[in-house]
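One structure is given below, encoded as structure tokens.
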Amino acid sequence: MIVWIILLLVSLYLLYKVGEKTEEELVKFAEYSGITHLAVGFIFLAVATSLPELSISISSTLVGNQEISAGVSVGNVLYDLLLILPIVGIWYGIKIDDENFRKIKLLSIITLLALFPILLMKSVPRTYGMFLVISFVILSTYLLQERKKRYRFHTREEKIRNRLNLGILLVAISFLSFVINLSAKKIAEATNISMLIIGSLIISIFTSSPELFTCLPAAKRRNYDIVVGTLYGTLIFDTMFVLGATSIITPIKISNINQFLLLYFFLFTSLISIILMLVRKREIGIDSSLFLLMLFALWIFLSILSGI
């Protein structure tokens, strides 16, 4: 078991470093393609930081751990909303304009409505997975319609190098994710820890790290569009595309619906709490951040209490 733990930790660290480099290359791609800052965060950076979740979820089907997908998808979102968002809020503060606030409300409602049927079905069948993926594509297409007027010039050689690097990095992410999933399965088998808990607590804390290192510099430069786009893009990508794509390959069955209900409850609470905070004041400051951190601590405590 010790070997699998070491392999898991090493792979998670390498996955974080590869994910960080992938973000850099995607930013370069966005610079010469004319994508807006909000779309960069929502589509490119959110997708880049969520590639580990996607790869882990898809590779889990190869070793019979489909339930990890639900844990990783929702768990990563909770880490983003209840840990990363308040950390950025305490460090730099996050100011939200009226346009971004409207998008936050819309995306929160869409996410909660999209996940609710899973509670009733206790699974994610292929047909519903296809619906989730199509919904994500429609939202992304809508945001991509907005374009910047000024592009940053890149030579043809720079564009080719950028796309080549992206291809290599994506392959590396997929391989490392498979190793992580296999290691997690071995650890779970040896400890009898729920696969939903393995995904939502252990793996998600590592796979959510890239969002932190994307949002911190963006908030420092007061580019709040990227912060909102990255965090809420991850919210939509993880809960719709990752779950949907995985279920299309192999339907996901939720063996412990109470643990998934706990995840949904805290997702609902965090999304509604953020909306109520922003209604009064369009800012995530120290007070709001501390409240979200308390929710995070409560979620971790109850998850461990119910799942181990």
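Values reported hereafter were calculated over all heavy atoms of this structure, with side chains retained and with hydrogens, waters and symmetry mates removed.
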Flag side-chain contact, heavy atom, 4.5 Å: [X] against [Y]:
X: F241; Y: L132; answer: no
X: D238; Y: L54; answer: no
X: F136; Y: V47; answer: yes
X: I5; Y: L9; answer: yes
X: L292; Y: L81; answer: no
X: F116; Y: F268; answer: no
X: I284; Y: P86; answer: no
X: F291; Y: M277; answer: yes

State which residues pass ring-ring contact (aromatic ring centres under 6.0 Å, His included) with Y128; sequence neighbours excluded, sorted by chain then number.
F131

Do [X] and [Y] belong together in a cluster built from hydrophobic side chains that touch within less than 4.5 Å?
X: Y224; Y: V279; value: yes
X: I257; Y: L120; value: yes
X: F265; Y: I300; value: yes
X: L78; Y: F301; value: yes
X: I109; Y: L107; value: no

[X] [atom1] to [Y] [atom2] distance, which is reported to the nearest 0.5 Å:
X: I87; Y: S289; atom1: CD1; atom2: OG; answer: 9.5 Å
X: R161; Y: R156; atom1: CZ; atom2: CZ; answer: 12.0 Å
X: K122; Y: L261; atom1: NZ; atom2: CG; answer: 10.5 Å
X: L278; Y: I94; atom1: CG; atom2: CD1; answer: 9.5 Å
X: M240; Y: I110; atom1: CE; atom2: CD1; answer: 6.5 Å
X: I252; Y: S73; atom1: CD1; atom2: OG; answer: 7.0 Å

Under a 3.5 Å distance rule, please check whether [X] uses its side chain to pair with a backbone N or O of [Y] as donor and acceptor.
X: Y264; Y: L112; result: yes
X: N100; Y: I96; result: no
X: D80; Y: L231; result: no
X: T246; Y: L243; result: no
X: S123; Y: K253; result: no

What are the two closest heavy atoms between [X] and [Y], and how far apart are they?
X: I118; Y: I254; answer: CG2-CG1, 4.4 Å
X: P251; Y: P125; answer: CB-CA, 4.3 Å
X: L295; Y: S270; answer: CD1-CA, 4.5 Å
X: S288; Y: E283; answer: OG-O, 4.2 Å
X: V77; Y: L267; answer: CG1-CD1, 3.5 Å
X: L82; Y: L293; answer: O-CD2, 3.6 Å

I'd like to know whether the aromatic ring centres of F42 and Y232 sit less than 6.0 Å apart in this structure.
no

Counting the benzene-type ring for Trp, do F296 and F266 have ring centres under 6.0 Å apart?
no

Determine whether L271 and L235 satisfy the following criterion, side chain to side chain contact (heavy atoms under 4.5 Å, CB included), listing intermediate values before the conclusion.
CA-CA 10 Å; L271 289 173; L235 169 71; 3.9 Å; yes

Has [X] got more than 12 heavy atoms of other residues, nucleotides or ligands less than 6.0 Å from its [atom1]?
X: I286; atom1: CD1; value: no
X: F101; atom1: CZ; value: yes
X: M121; atom1: CE; value: yes
X: K159; atom1: NZ; value: yes
X: R222; atom1: CZ; value: no
X: D97; atom1: CG; value: yes

Given side chain to side chain contact (heavy atoms under 4.5 Å, CB included), test F260 with V74 step by step and report yes or no.
CA-CA 9 Å; F260 187 80; V74 183; 4.2 Å; yes

Output, in order, the C-alpha distance, side-chain angles, deciding distance and verdict of side chain to side chain contact (heavy atoms under 4.5 Å, CB included) for T111 and I236.
CA-CA 6 Å; T111 301; I236 294 295; 3.3 Å; yes

Would you call E99 and K103 a salt bridge, using N to O less than 4.0 angstrom?
yes

Can a salt bridge be assigned to the pair R282 and D98 using a cut-off of 4.0 Å between side-chain N and carboxylate O?
yes

Show the numbers, then the answer: is there a side chain to side chain contact (heavy atoms under 4.5 Å, CB included) between T234 and N76?
CA-CA 9 Å; T234 301; N76 183 70; 3.3 Å; yes

